[in-house]
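What you see is a predicted model, and the numbers here were worked out from it, not measured in a lab. In what follows, every chain begins at residue 1, and chains take the letters A, B, ... in the order their sequences are listed.
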2 protein chains.
Amino acid sequence: MSVDPTVKRLPRAVREQQMLDAAVRVFSRLGYHAASMDEIAETAGISKPMVYAYLGTKEELFIACLHREGARLTEAVFAVLSDDMPPEQQLRRAIEEFLQFVVNHRDGWSVLHRQARGQEPFAGEIAEIRRSWIGHLTTVLARITPDVPDVTPGAYALAGAVESLADWIVEFPDRHVGRDPDLTAARLTDLILNGLPRQ
Amino acid sequence: MSVDPTVKRLPRAVREQQMLDAAVRVFSRLGYHAASMDEIAETAGISKPMVYAYLGTKEELFIACLHREGARLTEAVFAVLSDDMPPEQQLRRAIEEFLQFVVNHRDGWSVLHRQARGQEPFAGEIAEIRRSWIGHLTTVLARITPDVPDVTPGAYALAGAVESLADWIVEFPDRHVGRDPDLTAARLTDLILNGLPRQ
DNA sequence: TACTCTACTTACTCGCGCGTAAGTTTACGG
DNA sequence: CCGTAAACTTACGCGCGAGTAAGTAGAGTA
C-alpha cells in the first residue's frame, strides 16, 4: 500500500541530471550558502545521501552546476556562428542567442552570474568560464575592426552591456522593447557599430 | 599592568565607522554567508557584542554596508557633474569617476556588485541602489539623444559596460590601456558616441 | 566622593546544516 | 530463480556561527 508507481528506480545518468536541475533551481533562488543540501535533495525527489553518492560535496555539486550551465550557454551562443558569415551578422546573432538563453534559462544564468561571483573557490571558476566566451567575442570584434590593436577592453565592455541588458529584460519582462529580445539585440548591435544616433 | 594605551575607549560614532570598515573588508573577501560576525569584530578590533549593540544583526550590518558604499559611489560619480556641462562631457566625467571609484574602493565595490546580488533580502536593496544611478545615466543620455523615445535600455547597456570594464581593470591592473582609467573612460565614451571605428 | 551612563568584555546557548554509517529494496545478468 | 550490484532510505554525529546574558570599568556630572 501507498506504493507510488510513478516513483521508480532510475539509472544513475538520469538521476544526476534531475539532481543538477534541482540544484540549479535552488542555488539560483538562494545562493550557494543559503541553499541546503536537504532542500536540493527534496526538490530532486530523492534522499540526500544519493546526492552525495552521485555528485559529491556541496562545493563539487555547485561547480558541476557551473560547468553544465556554462557549457550550455557557450554552446547556445556560439554554435549558431559560421565562419562565412559577415562579422557584423555574427555579432548580432551572438547577442540574440545570448539574450534568448538568459530569458529561457534564468536559473542557470542566475547561478552563473549572480550567485557566486567573488566567493572563492567559485570566483576563479566563473571568471574562467566568462573569459572563454569573452575570448570568442574578441575574435568577432577583431574581424570588424582589424585596425584596432587591442579589442579586449571593447569585448569586456560589450559583454557587460549584454549581461546588463539581459538582466533588464528579466527584471522588466513587459517593459522591454516590443517584448522581443531579438529586437533589443538588433538595437544594441546598431549602437555598437554606429554609436548613439545624434542630431 | 598590561594596559595598552593605544586601545582607548572611543565614542560610538567612531567605532561604528570602524566596524563598517571591517565589515566591508570581510564581506568583500568572503561574501555575506561565509563571513562571520566574530571575524568582523576581530578585524574591527572590538568584541562581538559591541557590533550587535551598535549595528544590529548580521543582516542589518550588511545592509548598512550597502547603504554607505552605495551612497559613496553615487556621491563620487555624480557630484562632479554640473548642469552647464555639455552632456557628452558629463558622460565622460561620470564614467571616469565611476572607474576611479571602483579602483580606489575595491572592497566597497565588491560588496555592492559581487557579493549579494540575487540573494534575498539584499537583491532588492542592491537593485534599487543600482536603479537610482542608472536613472541619472538615463538623464544624461536623454540629453545627448533627445529624439530617442526611450533611452532606458541604452542606459542599462552602458551601465553594464562600465561595470564590466571596471572589473576588467581590477582583474588585470597592468594590462589595461596606459594603466589609466581616465583613458579607458575616454575610449568608452568615444565608442558610445561614434560606434566601432570601422575601415 | 558618590552616582550613573556609556563603552566594553568573557563566556556561554542553541539550532541548523554538512556529511556519513548502516541498513533495505529492486533490477538484472547468469 | 538466485546472487549480487546498483538504487535508495532512515537516522544520526558534530562543528560552526548567530545571537545573548551578565557583568566590569572608565569617564563625565553633581
Side-chain angles (χ1 to χ4, degrees), chain A residues 1-23 25-65 115-116 119-122, chain B residues 1-27 29-65 115-116 119-122:
Chain A
M1 56 207 62
S2 83
V3 175
D4 188 345
T6 67
V7 173
K8 311 167 190 176
R9 297 190 151 204
L10 294 174
R12 172 168 187 156
V14 176
R15 280 287 189 228
E16 282 183 348
Q17 293 307 310
Q18 293 179 345
M19 291 174 186
L20 286 173
D21 292 342
R25 268 180 72 101
V26 176
F27 282 136
S28 77
R29 308 223 179 285
L30 300 172
Y32 175 72
H33 285 280
S36 80
M37 293 296 271
D38 290 273
E39 184 168 349
I40 292 170
E42 192 186 2
T43 303
I46 210 78
S47 71
K48 192 170 48 163
M50 290 304 297
V51 182
Y52 281 89
Y54 285 173
L55 278 325
T57 69
K58 189 182 185 184
E59 193 172 309
E60 291 168 330
L61 175 59
F62 191 84
I63 290 181
C65 293
Q115 296 304 356
Q119 297 171 47
E120 293 300 345
F122 309 121
Chain B
M1 57 203 63
S2 83
V3 175
D4 187 345
T6 66
V7 173
K8 311 168 189 176
R9 300 190 147 204
L10 294 174
R12 174 169 184 155
V14 176
R15 281 287 188 228
E16 282 183 350
Q17 292 307 310
Q18 293 178 346
M19 291 174 185
L20 286 173
D21 292 342
V24 168
R25 267 180 73 102
V26 175
F27 282 136
R29 309 223 179 284
L30 299 171
Y32 175 74
H33 286 280
S36 79
M37 292 297 270
D38 289 273
E39 184 168 349
I40 291 170
E42 193 186 1
T43 303
I46 208 79
S47 72
K48 190 170 48 164
M50 290 304 297
V51 182
Y52 282 89
Y54 285 173
L55 279 324
T57 70
K58 189 182 185 185
E59 193 172 309
E60 291 167 330
L61 174 59
F62 191 84
I63 290 182
C65 292
Q115 295 305 354
Q119 296 170 47
E120 292 301 345
F122 309 121

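- If you take OH of B:Y52 and C1' of C:dT10, they are 16 Å apart, rounded to a whole angstrom.
- Between the CD atom of B:E16 and the P atom of C:dT6 there is a distance of 14 Å, given to the nearest Å.
- In this structure, the CD atom of A:Q18 is 13 Å from the P atom of D:dA7, given to the nearest Å.
- Between the CG atom of A:L55 and the P atom of D:dA7 there is a distance of 13 Å, rounded to whole Å.
- Rounded to a whole Å, the CD1 atom of A:I46 is 13 Å from the C1' atom of D:dA6.
- Annotation: side chain of A:I40 is not in contact with side chain of A:R25 (no heavy-atom distance under 4.5 Å).
- Residue whose closest nucleotide on DNA chain C sits further toward the 5' end, between B:R12 and B:K48: B:R12.
- The CE-P distance, from A:M50 to C:dT25, rounds to 16 Å in whole Å.
- The SG atom of B:C65 sits 11.5 Å away from the CD atom of B:Q115 when rounded to the nearest 0.5 Å.
- Phosphate proximity of C:dA7 to B:Y54: present, with a side-chain N or O under 4.0 Å from OP1 or OP2.
- Other residues, nucleotides and ligands contribute over 12 non-hydrogen atoms within 6.0 Å of the CD atom of B:Q17.
- A:R15 and A:Y54 get closest at one heavy-atom pair: CB-CE1, 3.8 Å.
- Listed pair A:R9 / C:dC28 fails the phosphate criterion, with no side-chain N or O lying under 4.0 Å from OP1 or OP2.
- Rounded to an integer number of Å, the gap from B:E39 CD to D:dA18 C1' is 15 Å.
- Contacts of residues 29-38 of chain A with DNA chain D (heavy atom under 4.0 Å): none.
- Around CD of A:E120, the count of heavy atoms belonging to other residues, nucleotides or ligands within 6.0 Å exceeds 12.
- Separating the CG atom of A:L10 from the P atom of C:dT26 is a distance of 14 Å, rounded to the nearest angstrom.
- Within the 4.5 Å cutoff, the side chain of A:Q119 has no heavy atoms near those of the B:L30 side chain.
- Contact of the A:H33 side chain with the B:Y32 side chain is not registered, since no non-hydrogen atoms from C-beta on lie closer than 4.5 Å.
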